[in-house]
Amino acid sequence: MTQNLILSAVFIAPEIKRFNIHAPLIAKKCKPGQFVIIRKSATGERIPMTIVDSDAEEGSITLIVQGVGKSTREINQLETGDTIRDLVGPLGTPSEIEHFGNVVVIGGGVGTAVSFPQAKALKEAGNTVTAIIGARTKSLVILEEEMRQIVDEVLVCTDDGSYCSEGFVTGQLQELLASNHKIDYVLAVGPLPMMQAVAEITRPFGIKTVASLNSIMVDGTGMCGGCRVLIGEEMKFACVEGPEFDAHQVNFEVLMNRNQ
Ligand code: NAD
Ligand code: FES
């Protein structure tokens with residue numbers, strides 16, 4: 001079978017497409033939290049994409065692409081049977097998966113896709129996993145059913161109240177804490193202001209909290225410095241030392257400025 005062949009390409013929400021791609025070597029090696037860099041054409045932009053799922057037997061990986069700019073919209077024009085010009089990976093440091101106890105995995109918008117493999121692995125490691133999924137509106141809620149099949153509890157909220165609870169994911173987290181739900185570990189993936197807000201909520205409780213950082217990446221292998229982030233006093237490269245970092249140590253202001 002052709003390398004990088006798109007086995008299926010389906011829109012799961014407006015501008016959000018799920019791709020199942022033939023990539024046997026990556027499927028065999030990848031671990032939760034790792035990503036690939038894809039390029040649609042020889043002159044195309046290099047786009048980092050978290051590996052949402054993989055099937056080593058079938059030799060396939062799943063990517064979920066949100067069409068937010070020119071390059072991602074072009075990628076989302078690809079259909080079943082097309083091939084992706086370049087696909088490099090797996091890249092990045094795998095997530096820390098261990099038995100923490102009660103775990104809360106928070107996915108904001110398309111960040112839900114990024115949090116999916118960690119939720120699955122954390123459940124398989126014996127944790128009790130609560131997933132919080134947030135989206136601006138009902139049509140943008142993704143992977144709810146898939147998440148329900150792998151974790152203990154799923155809480156869904158929309159900013160406009162068009163589906164399930166009204167409000168941000170942080171409201172759901174605060175409600176859990178207010179109900180004395182014991183939390184040992186939190187993973188947050190989504191927009192930077194969301195991950196920053198999650199970190200500020202868990203900080204006073206001393207709950208270990210990890211954020212997956214979507215810094216700008218070019219080579220993805222530690223060469224260009226494009227993805228540098230300030231963690232405590234130290235400069236780190238998100239592509240090789242991340243993308244996951246202790247959320248209480250991340251300097252979100254510096255990262256937001258760089259991403260702008
Ligand atoms: P969005 O702006 O629609 O927000 C999704 C949800 O996050 C909201 O519904 C809300 O629940 C929560 N949220 C947003 N702002 C918040 C705030 N200030 N405080 C508390 N909660 C807040 O998200 P989107 O358009 O789907 O975009 C997803 C974002 O995730 C993008 O910014 C993208 O860059 C980022 N992302 C991150 C990674 C990663 O690895 N960290 C990967 C993919 C995408
Ligand atoms: Fe170039 Fe990380 S993307 S160093």
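Note that ligands are numbered from 1 as they come in the structure, with each ligand's atoms numbered from 1 the same way. Residue numbers start at 1 and run along the sequence shown.
- Asn251 contributes no side-chain N or O that, together with a main-chain N or O of Val229, makes up a donor-acceptor pair within less than 3.5 Å.
- Of the protein's non-hydrogen atoms, the one nearest atom 8 (C) of ligand 1 is Asp159 OD1, 3.4 Å.
- Between the side chain of Ser60 and the backbone N or O of Asn20, no donor-acceptor pair lies under 3.5 Å.
- Using a cutoff of 4.0 Å between basic side-chain nitrogens and carboxylate oxygens, Arg228 and Glu241 are not scored as salt-bridged.
- Between Gln66 and ligand 1 there is a heavy-atom distance shorter than 4.0 Å.
- With ligand atoms numbered from 1 in the order given, ligand 1 contributes 18 (N) to contacts under 4.0 Å with heavy atoms of Pro193.
- Residue Asp219 has at least one heavy-atom neighbour below 4.0 Å for each of these atoms of ligand 2: 1 (Fe), 3 (S), 4 (S).
- What sits closest to atom 13 (N) of ligand 1 on the protein, heavy atoms only, is Met194 CB, 3.7 Å.
- Under a 4.0 Å heavy-atom criterion, Gly190 is in contact with ligand 1.
- Scanning Ser115, Ala188, Gly108, Gly92 for the heavy atom closest to atom 7 (O) of ligand 1 points to Gly108.
- Note on Glu124 versus Lys120: no salt bridge recorded, every NZ/NE/NH1/NH2 to OD/OE distance being 4.0 Å or above.
- Between Pro48, Gly220, Gly226, Pro243, it is Gly220 that holds the heavy atom closest to atom 3 (S) of ligand 2.
- Proximity of Thr170 to ligand 1, defined as any heavy-atom pair under 4.0 Å, is confined to the side chain (atoms from C-beta onward).
- When each atom of ligand 2 is checked for a heavy atom of Met223 under 4.0 Å away, the hits are 4 (S).
- Not a single heavy atom of Thr50 sits closer than 4.0 Å to an atom of ligand 1.
- Atom 41 (N) of ligand 1 has its closest protein heavy atom at Ser212 O, 2.1 Å.
- Proximity to Ala135 (heavy-atom distance under 4.0 Å) selects the following atoms of ligand 1: 9 (O).
- Taking only non-hydrogen atoms, the option from Pro191, Ala238, Gly33 nearest to atom 14 (C) of ligand 1 is Pro191.
- One finds an angle of 100° at atom 2 (Fe) of ligand 2 between SG on Cys227 and SG on Cys239, to the nearest 10 degrees.
- Remark: ligand 2 atoms within the under-4.0 Å shell around heavy atoms of Gly222 are 4 (S).
- Remark: ligand 1 and Val169 share an N or O pair separated by less than 3.5 Å (distance only, no angle test).
- To the nearest 0.5 Å, atoms CG (Leu122) and NE2 (His99) are separated by 10.5 Å.
- Of all protein heavy atoms, the one lying nearest to atom 33 (C) of ligand 1 is Asn214 ND2, 3.4 Å.
- Cys224 lies close to atom 1 (Fe) of ligand 2, since one of its N, O or S atoms is found at a distance under 2.8 Å.
- Of the N and O atoms on the side chains of Tyr163 and Glu144, at least one donor lies less than 3.5 Å from an acceptor on the other residue.
- A donor-acceptor contact closer than 3.5 angstrom is absent between the side chains of Thr83 and His22.
- In this structure, Gln34 contributes its side chain and Gly92 its backbone to a donor-acceptor pair below 3.5 Å.
- Applying the 4.0 Å criterion to heavy atoms of Gly109 picks out, from ligand 1, the atoms 5 (C), 6 (C), 26 (O).
- Considering backbone and side-chain atoms alike, Val110 places an N or O below 3.5 Å from some N or O of ligand 1.
- Contact annotation for Val189 and ligand 1: only side-chain heavy atoms (C-beta onward) come within less than 4.0 Å of the ligand.
- Short contacts between ligand 2 and Val218, defined as distances under 4.0 Å to a heavy atom of the residue, involve ligand atoms 3 (S).
- Every N/O-N/O distance between Gly167 and ligand 1 stays at or above 3.5 Å.
- Here Arg228 has no heavy atoms under 4.0 Å from ligand 2, in either its backbone or its side chain.
- Considering only non-hydrogen protein atoms, atom 21 (N) of ligand 1 sits nearest to Phe168 CD1, 3.3 Å.
- For the pair Arg203 (side chain) and His248 (backbone), a donor-acceptor distance under 3.5 Å is present.
- Looking at every heavy atom in both residues, Ile97 comes nearest to Gln118 through CD1-O, 4.2 Å.
- Counting heavy atoms from C-beta on, the side chains of Val198 and Thr170 come closer than 4.5 Å.
- Between Ala119 and Val151, the shortest heavy-atom contact is CB-CG1, 3.9 Å.
- At the top of the distance list for atom 25 (O) of ligand 1, counting protein heavy atoms only, stands Arg136 NH2, 2.7 Å.
- The atoms of ligand 2 that sit less than 4.0 Å from any heavy atom of Gly225 are 1 (Fe), 4 (S).
- The distance from ligand 1 to the heavy atoms of Val114 drops below 4.0 Å at these ligand atoms: 40 (O), 42 (C), 43 (C).
- In summary, the side chains of Thr128 and Asp152 do not present any donor paired with an acceptor at a separation below 3.5 Å, with no hydrogens or angles considered.
- Residue Met223 places its CE atom among 12 or fewer non-hydrogen atoms of other residues, nucleotides or ligands, all under 6.0 Å distant.
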